[in-house]
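Working notes, beginning with the structure itself.
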Number of protein chains: 2
Amino acid sequence: MKARTTTAREALDRRAEEMLHDLKCAGFKMTPQRMAIVRLFARDLGHPTAQDLFERLRPAFPSMSFATVYNTLDTLAQMGLSRTLRLGDAKGGARFDPNPDPHHHAVCDACGAILDLPAPSLLPAKGEALMVRERAPGFTVRAVEHVYRGVCASCHG
Amino acid sequence: MKARTTTAREALDRRAEEMLHDLKCAGFKMTPQRMAIVRLFARDLGHPTAQDLFERLRPAFPSMSFATVYNTLDTLAQMGLSRTLRLGDAKGGARFDPNPDPHHHAVCDACGAILDLPAPSLLPAKGEALMVRERAPGFTVRAVEHVYRGVCASCHG
DNA sequence: GTATCTGCAAACCATTTGCTTTCAC
DNA sequence: GTGAAAGCAAATGGTTTGCAGATAC
(Lines give C-alpha, C1' and ligand atoms only; values in the text may rest on other atoms or scores of the structure.)
Protein backbone atom coordinates (compact mmCIF):
# COMPACT_ATOMS: atom_id res chain seq x y z
CA MET A 1 0.00 0.00 0.00
CA LYS A 2 2.83 2.33 0.89
CA ALA A 3 4.66 1.22 -2.21
CA ARG A 4 1.59 1.60 -4.35
CA THR A 5 0.98 5.14 -3.17
CA THR A 6 4.56 6.05 -3.78
CA THR A 7 4.41 4.62 -7.26
CA ALA A 8 1.25 6.52 -8.17
CA ARG A 9 2.78 9.69 -6.83
CA GLU A 10 5.91 9.10 -8.83
CA ALA A 11 3.89 8.56 -11.96
CA LEU A 12 2.27 11.95 -11.47
CA ASP A 13 5.65 13.53 -10.83
CA ARG A 14 6.91 12.06 -14.08
CA ARG A 15 3.85 13.39 -15.84
CA ALA A 16 4.56 16.87 -14.52
CA GLU A 17 8.14 16.81 -15.75
CA GLU A 18 6.96 15.46 -19.09
CA MET A 19 4.58 18.38 -19.48
CA LEU A 20 7.34 20.83 -18.64
CA HIS A 21 9.62 19.13 -21.12
CA ASP A 22 6.99 19.39 -23.85
CA LEU A 23 6.50 23.07 -23.10
CA LYS A 24 10.22 23.70 -23.22
CA CYS A 25 10.57 21.85 -26.52
CA ALA A 26 7.79 23.96 -27.95
CA GLY A 27 9.80 27.06 -27.14
CA PHE A 28 8.03 28.24 -24.00
CA LYS A 29 10.12 29.78 -21.27
CA MET A 30 10.56 27.96 -17.98
CA THR A 31 9.50 30.63 -15.54
CA PRO A 32 9.13 29.75 -11.85
CA GLN A 33 5.41 30.51 -11.95
CA ARG A 34 4.80 28.35 -14.97
CA MET A 35 6.75 25.47 -13.49
CA ALA A 36 4.86 25.68 -10.22
CA ILE A 37 1.47 25.81 -11.96
CA VAL A 38 2.25 22.86 -14.19
CA ARG A 39 3.64 20.76 -11.34
CA LEU A 40 0.66 21.43 -9.09
CA PHE A 41 -1.83 20.90 -11.89
CA ALA A 42 -0.33 17.71 -13.29
CA ARG A 43 -0.37 16.09 -9.85
CA ASP A 44 -3.98 16.99 -9.12
CA LEU A 45 -6.48 14.43 -10.39
CA GLY A 46 -9.39 16.23 -8.75
CA HIS A 47 -10.08 18.49 -11.74
CA PRO A 48 -9.21 21.78 -10.05
CA THR A 49 -10.63 25.15 -10.99
CA ALA A 50 -8.41 28.12 -11.80
CA GLN A 51 -9.38 29.45 -8.38
CA ASP A 52 -8.18 26.25 -6.69
CA LEU A 53 -4.77 26.43 -8.31
CA PHE A 54 -4.42 30.15 -7.69
CA GLU A 55 -5.15 29.85 -3.97
CA ARG A 56 -2.80 26.93 -3.47
CA LEU A 57 0.00 28.77 -5.26
CA ARG A 58 -0.46 32.09 -3.51
CA PRO A 59 1.59 31.13 -0.41
CA ALA A 60 4.61 30.43 -2.60
CA PHE A 61 3.91 33.25 -5.09
CA PRO A 62 2.08 36.03 -3.24
CA SER A 63 2.30 38.29 -6.25
CA MET A 64 0.94 35.87 -8.82
CA SER A 65 -2.06 36.94 -10.86
CA PHE A 66 -5.02 35.01 -12.20
CA ALA A 67 -3.99 35.84 -15.73
CA THR A 68 -0.84 33.81 -15.31
CA VAL A 69 -2.81 30.78 -14.18
CA TYR A 70 -5.21 31.10 -17.10
CA ASN A 71 -2.41 31.70 -19.58
CA THR A 72 -0.62 28.56 -18.52
CA LEU A 73 -3.77 26.43 -18.60
CA ASP A 74 -4.62 27.82 -22.04
CA THR A 75 -1.17 26.98 -23.32
CA LEU A 76 -1.43 23.41 -22.02
CA ALA A 77 -4.86 23.00 -23.58
CA GLN A 78 -3.67 24.30 -26.94
CA MET A 79 -0.84 21.81 -26.88
CA GLY A 80 -3.28 19.01 -26.17
CA LEU A 81 -1.77 18.34 -22.75
CA SER A 82 -4.97 19.13 -20.87
CA ARG A 83 -8.66 19.70 -21.36
CA THR A 84 -11.07 22.39 -20.20
CA LEU A 85 -14.26 20.98 -18.71
CA ARG A 86 -17.47 22.93 -18.31
CA LEU A 87 -19.72 20.16 -17.10
CA GLY A 88 -21.41 21.58 -14.02
CA ASP A 89 -23.80 24.44 -13.61
CA ALA A 90 -22.85 27.99 -14.45
CA LYS A 91 -21.58 28.62 -10.92
CA GLY A 92 -18.11 27.63 -9.94
CA GLY A 93 -16.32 28.11 -13.21
CA ALA A 94 -14.50 25.73 -15.52
CA ARG A 95 -12.53 22.77 -14.30
CA PHE A 96 -9.30 21.60 -15.84
CA ASP A 97 -8.26 18.04 -16.56
CA PRO A 98 -4.57 17.13 -16.82
CA ASN A 99 -5.33 13.62 -18.04
CA PRO A 100 -4.73 13.43 -21.81
CA ASP A 101 -5.82 9.80 -22.14
CA PRO A 102 -9.26 9.04 -23.54
CA HIS A 103 -11.78 8.90 -20.71
CA HIS A 104 -15.27 9.94 -19.71
CA HIS A 105 -16.54 11.71 -16.59
CA ALA A 106 -18.98 11.20 -13.76
CA VAL A 107 -20.29 14.47 -12.31
CA CYS A 108 -21.84 14.70 -8.86
CA ASP A 109 -24.92 16.92 -8.94
CA ALA A 110 -24.58 17.56 -5.22
CA CYS A 111 -20.96 18.62 -4.72
CA GLY A 112 -19.78 19.11 -8.29
CA ALA A 113 -16.97 16.57 -7.99
CA ILE A 114 -15.75 15.05 -11.22
CA LEU A 115 -14.52 11.46 -11.41
CA ASP A 116 -12.58 10.00 -14.30
CA LEU A 117 -13.95 6.92 -16.00
CA PRO A 118 -11.85 4.83 -18.36
CA ALA A 119 -12.66 4.63 -22.03
CA PRO A 120 -10.91 2.39 -24.53
CA SER A 121 -11.02 5.24 -27.02
CA LEU A 122 -12.98 8.33 -27.76
CA LEU A 123 -14.26 6.91 -31.00
CA PRO A 124 -17.94 6.03 -31.03
CA ALA A 125 -19.01 2.43 -30.48
CA LYS A 126 -20.37 0.62 -33.53
CA GLY A 127 -24.03 1.23 -32.75
CA GLU A 128 -23.37 4.86 -31.92
CA ALA A 129 -21.59 5.49 -35.19
CA LEU A 130 -24.46 4.03 -37.18
CA MET A 131 -27.00 6.05 -35.26
CA VAL A 132 -25.12 9.28 -35.86
CA ARG A 133 -24.68 8.53 -39.55
CA GLU A 134 -28.38 7.91 -39.91
CA ARG A 135 -29.69 10.88 -37.99
CA ALA A 136 -27.04 13.43 -38.83
CA PRO A 137 -25.99 12.66 -42.41
CA GLY A 138 -22.61 14.08 -43.27
CA PHE A 139 -21.57 14.61 -39.67
CA THR A 140 -18.05 13.36 -39.03
CA VAL A 141 -17.49 12.28 -35.45
CA ARG A 142 -14.08 13.10 -34.07
CA ALA A 143 -14.66 12.13 -30.45
CA VAL A 144 -17.40 11.03 -28.10
CA GLU A 145 -17.74 12.26 -24.59
CA HIS A 146 -19.96 10.53 -22.03
CA VAL A 147 -21.09 12.46 -18.97
CA TYR A 148 -22.63 10.41 -16.18
CA ARG A 149 -24.66 12.67 -13.93
CA GLY A 150 -25.68 11.53 -10.50
CA VAL A 151 -24.62 11.54 -6.86
CA CYS A 152 -21.21 10.47 -5.64
CA ALA A 153 -20.46 8.16 -2.71
CA SER A 154 -19.49 10.92 -0.28
CA CYS A 155 -22.72 12.78 -0.97
CA HIS A 156 -24.65 9.69 0.12
CA GLY A 157 -25.46 7.55 -2.86
CA MET B 1 -41.96 18.66 -49.40
CA LYS B 2 -44.21 21.64 -48.88
CA ALA B 3 -46.60 19.43 -46.97
CA ARG B 4 -43.81 17.94 -44.90
CA THR B 5 -42.47 21.32 -43.92
CA THR B 6 -45.91 22.49 -42.95
CA THR B 7 -46.44 19.41 -40.86
CA ALA B 8 -43.18 19.80 -39.01
CA ARG B 9 -43.96 23.43 -38.38
CA GLU B 10 -47.38 22.53 -37.11
CA ALA B 11 -45.91 19.99 -34.75
CA LEU B 12 -43.71 22.67 -33.27
CA ASP B 13 -46.66 25.02 -32.97
CA ARG B 14 -48.56 22.33 -31.12
CA ARG B 15 -45.59 21.81 -28.86
CA ALA B 16 -45.54 25.53 -28.03
CA GLU B 17 -49.22 25.56 -27.12
CA GLU B 18 -48.72 22.40 -25.09
CA MET B 19 -45.95 24.06 -23.09
CA LEU B 20 -48.15 27.09 -22.47
CA HIS B 21 -51.00 24.84 -21.41
CA ASP B 22 -48.75 23.03 -18.95
CA LEU B 23 -47.57 26.33 -17.51
CA LYS B 24 -51.13 27.56 -17.14
CA CYS B 25 -52.22 24.33 -15.45
CA ALA B 26 -49.33 24.69 -13.02
CA GLY B 27 -50.69 28.08 -12.01
CA PHE B 28 -48.34 30.34 -13.92
CA LYS B 29 -49.74 33.56 -15.37
CA MET B 30 -50.07 33.96 -19.12
CA THR B 31 -48.26 37.21 -19.65
CA PRO B 32 -47.54 38.41 -23.19
CA GLN B 33 -43.79 38.21 -22.61
CA ARG B 34 -43.95 34.68 -21.27
CA MET B 35 -46.12 33.54 -24.15
CA ALA B 36 -43.78 35.08 -26.68
CA ILE B 37 -40.70 33.55 -25.10
CA VAL B 38 -42.25 30.09 -24.91
CA ARG B 39 -43.56 30.23 -28.49
CA LEU B 40 -40.24 31.37 -29.90
CA PHE B 41 -38.27 28.89 -27.83
CA ALA B 42 -40.47 25.85 -28.49
CA ARG B 43 -40.25 26.40 -32.24
CA ASP B 44 -36.48 26.76 -32.27
CA LEU B 45 -34.65 23.47 -32.59
CA GLY B 46 -31.30 25.21 -32.92
CA HIS B 47 -30.65 25.26 -29.17
CA PRO B 48 -30.64 29.03 -28.71
CA THR B 49 -28.80 30.92 -26.01
CA ALA B 50 -30.59 33.35 -23.71
CA GLN B 51 -28.96 36.09 -25.76
CA ASP B 52 -30.44 34.69 -28.99
CA LEU B 53 -33.96 34.67 -27.61
CA PHE B 54 -33.59 38.10 -26.05
CA GLU B 55 -32.43 39.72 -29.27
CA ARG B 56 -35.13 38.14 -31.39
CA LEU B 57 -37.81 39.24 -28.95
CA ARG B 58 -36.59 42.78 -28.51
CA PRO B 59 -38.29 44.13 -31.65
CA ALA B 60 -41.68 43.01 -30.34
CA PHE B 61 -40.91 43.83 -26.69
CA PRO B 62 -38.41 46.67 -26.60
CA SER B 63 -38.75 46.90 -22.85
CA MET B 64 -38.09 43.26 -22.07
CA SER B 65 -35.26 42.43 -19.73
CA PHE B 66 -32.84 39.54 -19.62
CA ALA B 67 -34.18 38.52 -16.23
CA THR B 68 -37.54 37.73 -17.80
CA VAL B 69 -35.94 35.45 -20.37
CA TYR B 70 -33.92 33.64 -17.73
CA ASN B 71 -36.89 33.36 -15.40
CA THR B 72 -39.04 31.76 -18.07
CA LEU B 73 -36.33 29.34 -19.12
CA ASP B 74 -35.74 28.41 -15.50
CA THR B 75 -39.41 27.75 -14.98
CA LEU B 76 -39.58 25.51 -18.03
CA ALA B 77 -36.50 23.61 -16.91
CA GLN B 78 -37.91 23.09 -13.42
CA MET B 79 -41.09 21.69 -14.92
CA GLY B 80 -39.07 19.28 -17.02
CA LEU B 81 -40.20 20.94 -20.26
CA SER B 82 -36.71 21.89 -21.33
CA ARG B 83 -33.07 21.24 -20.60
CA THR B 84 -30.12 23.52 -20.00
CA LEU B 85 -27.10 22.45 -22.01
CA ARG B 86 -23.54 23.18 -21.04
CA LEU B 87 -21.67 21.03 -23.47
CA GLY B 88 -18.02 21.01 -22.61
CA ASP B 89 -15.78 23.88 -23.54
CA ALA B 90 -18.39 25.83 -25.49
CA LYS B 91 -17.89 29.54 -25.01
CA GLY B 92 -20.77 31.93 -25.16
CA GLY B 93 -23.05 30.79 -22.41
CA ALA B 94 -25.55 28.02 -21.88
CA ARG B 95 -27.83 26.77 -24.60
CA PHE B 96 -31.40 25.73 -24.03
CA ASP B 97 -33.11 22.68 -25.47
CA PRO B 98 -36.92 22.58 -25.81
CA ASN B 99 -36.93 18.89 -26.69
CA PRO B 100 -38.11 16.91 -23.65
CA ASP B 101 -37.56 13.49 -25.21
CA PRO B 102 -34.44 11.55 -24.25
CA HIS B 103 -31.72 12.37 -26.72
CA HIS B 104 -28.03 13.08 -27.08
CA HIS B 105 -26.19 15.79 -29.03
CA ALA B 106 -23.74 16.19 -31.86
CA VAL B 107 -21.69 19.38 -31.68
CA CYS B 108 -19.93 20.85 -34.69
CA ASP B 109 -16.46 22.05 -33.76
CA ALA B 110 -16.44 24.41 -36.72
CA CYS B 111 -19.71 26.32 -36.46
CA GLY B 112 -20.95 25.36 -33.01
CA ALA B 113 -24.22 23.92 -34.29
CA ILE B 114 -25.93 21.36 -32.07
CA LEU B 115 -27.87 18.47 -33.59
CA ASP B 116 -30.24 16.23 -31.70
CA LEU B 117 -29.66 12.49 -31.77
CA PRO B 118 -32.35 10.09 -30.59
CA ALA B 119 -31.80 7.90 -27.54
CA PRO B 120 -34.04 5.21 -26.13
CA SER B 121 -33.49 6.62 -22.64
CA LEU B 122 -31.01 8.64 -20.65
CA LEU B 123 -30.23 5.71 -18.39
CA PRO B 124 -26.83 4.12 -18.90
CA ALA B 125 -26.56 1.03 -21.08
CA LYS B 126 -25.74 -2.21 -19.28
CA GLY B 127 -22.04 -2.09 -19.98
CA GLU B 128 -21.84 1.56 -19.00
CA ALA B 129 -23.56 0.98 -15.68
CA LEU B 130 -21.14 -1.81 -14.80
CA MET B 131 -18.14 0.28 -15.75
CA VAL B 132 -19.29 3.17 -13.59
CA ARG B 133 -20.03 0.89 -10.64
CA GLU B 134 -16.57 -0.60 -10.87
CA ARG B 135 -14.59 2.60 -11.27
CA ALA B 136 -16.67 4.93 -9.14
CA PRO B 137 -17.99 2.81 -6.29
CA GLY B 138 -21.06 4.30 -4.64
CA PHE B 139 -21.79 6.67 -7.50
CA THR B 140 -25.48 6.62 -8.42
CA VAL B 141 -26.09 7.49 -12.06
CA ARG B 142 -29.19 9.54 -12.71
CA ALA B 143 -28.69 10.26 -16.40
CA VAL B 144 -26.13 9.88 -19.14
CA GLU B 145 -25.27 12.51 -21.69
CA HIS B 146 -23.40 11.62 -24.88
CA VAL B 147 -21.72 14.42 -26.77
CA TYR B 148 -20.49 13.62 -30.28
CA ARG B 149 -17.91 16.16 -31.32
CA GLY B 150 -16.97 16.57 -34.93
CA VAL B 151 -17.78 18.48 -38.08
CA CYS B 152 -21.27 18.85 -39.50
CA ALA B 153 -22.29 18.42 -43.14
CA SER B 154 -22.50 22.13 -43.93
CA CYS B 155 -19.00 22.72 -42.60
CA HIS B 156 -17.67 20.19 -45.10
CA GLY B 157 -17.57 16.80 -43.48
C1' DG C 1 19.65 42.33 -25.90
C1' DT C 2 15.20 40.92 -26.92
C1' DA C 3 11.10 38.58 -27.31
C1' DT C 4 8.33 36.59 -24.06
C1' DC C 5 6.04 36.52 -19.50
C1' DT C 6 4.23 38.41 -15.45
C1' DG C 7 1.42 41.46 -12.64
C1' DC C 8 -2.01 44.59 -12.40
C1' DA C 9 -6.25 46.63 -13.06
C1' DA C 10 -9.83 47.37 -15.75
C1' DA C 11 -12.94 45.39 -19.13
C1' DC C 12 -16.06 41.84 -20.41
C1' DC C 13 -19.71 38.59 -20.51
C1' DA C 14 -23.29 35.57 -18.79
C1' DT C 15 -26.17 35.34 -15.07
C1' DT C 16 -28.45 36.79 -10.72
C1' DT C 17 -30.54 39.78 -7.37
C1' DG C 18 -33.31 43.57 -5.02
C1' DC C 19 -36.64 46.54 -5.44
C1' DT C 20 -40.47 49.09 -7.53
C1' DT C 21 -44.14 49.14 -10.78
C1' DT C 22 -47.36 46.76 -13.56
C1' DC C 23 -50.72 43.53 -14.73
C1' DA C 24 -53.21 38.81 -15.14
C1' DC C 25 -56.30 36.61 -12.53
C1' DG D 1 -57.76 43.76 -5.06
C1' DT D 2 -53.87 40.81 -4.70
C1' DG D 3 -50.00 38.26 -5.55
C1' DA D 4 -47.10 37.01 -9.11
C1' DA D 5 -44.41 38.81 -12.89
C1' DA D 6 -41.89 42.37 -15.53
C1' DG D 7 -38.65 46.04 -15.75
C1' DC D 8 -34.63 48.10 -14.41
C1' DA D 9 -30.24 48.66 -12.76
C1' DA D 10 -26.68 47.32 -10.21
C1' DA D 11 -23.97 43.41 -8.31
C1' DT D 12 -21.73 39.15 -9.04
C1' DG D 13 -18.23 35.88 -10.43
C1' DG D 14 -15.45 33.79 -13.79
C1' DT D 15 -12.53 34.91 -17.54
C1' DT D 16 -10.01 38.02 -20.80
C1' DT D 17 -7.37 41.97 -22.24
C1' DG D 18 -3.92 45.81 -22.71
C1' DC D 19 -0.03 47.58 -21.23
C1' DA D 20 4.29 48.57 -18.43
C1' DG D 21 7.93 46.53 -16.20
C1' DA D 22 10.57 42.16 -15.30
C1' DT D 23 13.12 38.15 -16.82
C1' DA D 24 14.48 33.62 -19.21
C1' DC D 25 17.00 32.75 -23.01
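Since the model is a prediction, treat every value here as computed from it, not as a measurement. Numbers restart at 1 for each chain; the letters A, B, ... are given by sequence-line order, proteins then strands.
Mapping B:Met30 and B:Gly92 onto DNA chain C by nearest heavy atom places B:Gly92 at the nucleotide closer to the 5' end. In terms of position on DNA chain D, the residue among B:Ala67 and B:Gly27 whose nearest nucleotide sits closer to the 5' end is B:Gly27. Both A:Ser63 and B:Phe66 sit near DNA chain C, but only A:Ser63 has its closest nucleotide nearer the 5' end.
Between the CD atom of A:Gln33 and the P atom of C:dT4 there is a distance of 18 Å, given to the nearest Å. The separation between A:Lys29 atom NZ and C:dA3 atom P is 9 Å, rounded to whole Å. Look at CG on A:Leu85: it is 17 Å from P on D:dG14, rounded to the nearest Å. D:dA4 atom C1' lies 17 Å from atom CE of B:Met35, rounded to whole Å. Atom CE in B:Met64 sits about 10 Å away from atom C1' in D:dA6, given to the nearest Å. For B:Asn71 and C:dC23, the CG to C1' distance is 16 Å, given to the nearest whole Å. Taking atom CZ of B:Arg86 as the reference point, atom C1' of C:dA14 lies 10 Å away to the nearest angstrom. Per the geometry, CG belonging to B:Leu73 stands 10 Å off P belonging to C:dT16, to the nearest Å.
Contact annotation: A:Ser65 does not reach the phosphate of C:dT6 (side-chain N/O to OP1 or OP2, under 4.0 Å). Under 4.0 angstrom from either OP1 or OP2 of D:dT16 there lies no side-chain N or O belonging to A:Tyr70. Considering only side-chain N and O atoms, A:Gln51 lies under 4.0 angstrom from the phosphate OP1 or OP2 of D:dG14.
Hydrophobic clustering (ILVMFWY, side-chain heavy atoms < 4.5 Å, transitive): A:Ile114 and A:Leu122 are in distinct clusters. A:Leu12 and A:Leu81 fall into different hydrophobic clusters, where Ile, Leu, Val, Met, Phe, Trp and Tyr residues are linked whenever their side-chain heavy atoms come under 4.5 Å apart, directly or through other members.
Electrostatic pairing of B:Glu18 and B:Arg15 counts as a salt bridge here, judged by a charged N lying under 4.0 Å from a carboxylate O.
Residue contacts shown for B:Phe28 are limited to sugar-phosphate atoms, with no base heavy atom under 4.0 Å away. Within 4.0 Å (heavy atoms only), A:Ala94 reaches sugar-phosphate atoms of the nucleic acid but no base atom. In this structure, A:Pro32 reaches the sugar-phosphate backbone alone: every heavy-atom distance under 4.0 Å involves primed, P, OP1 or OP2 atoms, never a base. In this structure, B:Thr31 reaches the sugar-phosphate backbone alone: every heavy-atom distance under 4.0 Å involves primed, P, OP1 or OP2 atoms, never a base.
Between the CG atom of A:Leu117 and the CZ atom of B:Arg135 there is a distance of 8.0 Å, given to the nearest 0.5 Å.
Here side-chain hydrogen bond (donor to acceptor under 3.5 Å, both in side chains) pairs that include residues 44-58 of chain B, with residues two or more places apart or in two chains, are B:Asp44-B:Arg56, B:His47-B:Asp97, B:His47-B:Asp116, B:Thr49-B:Asp52.
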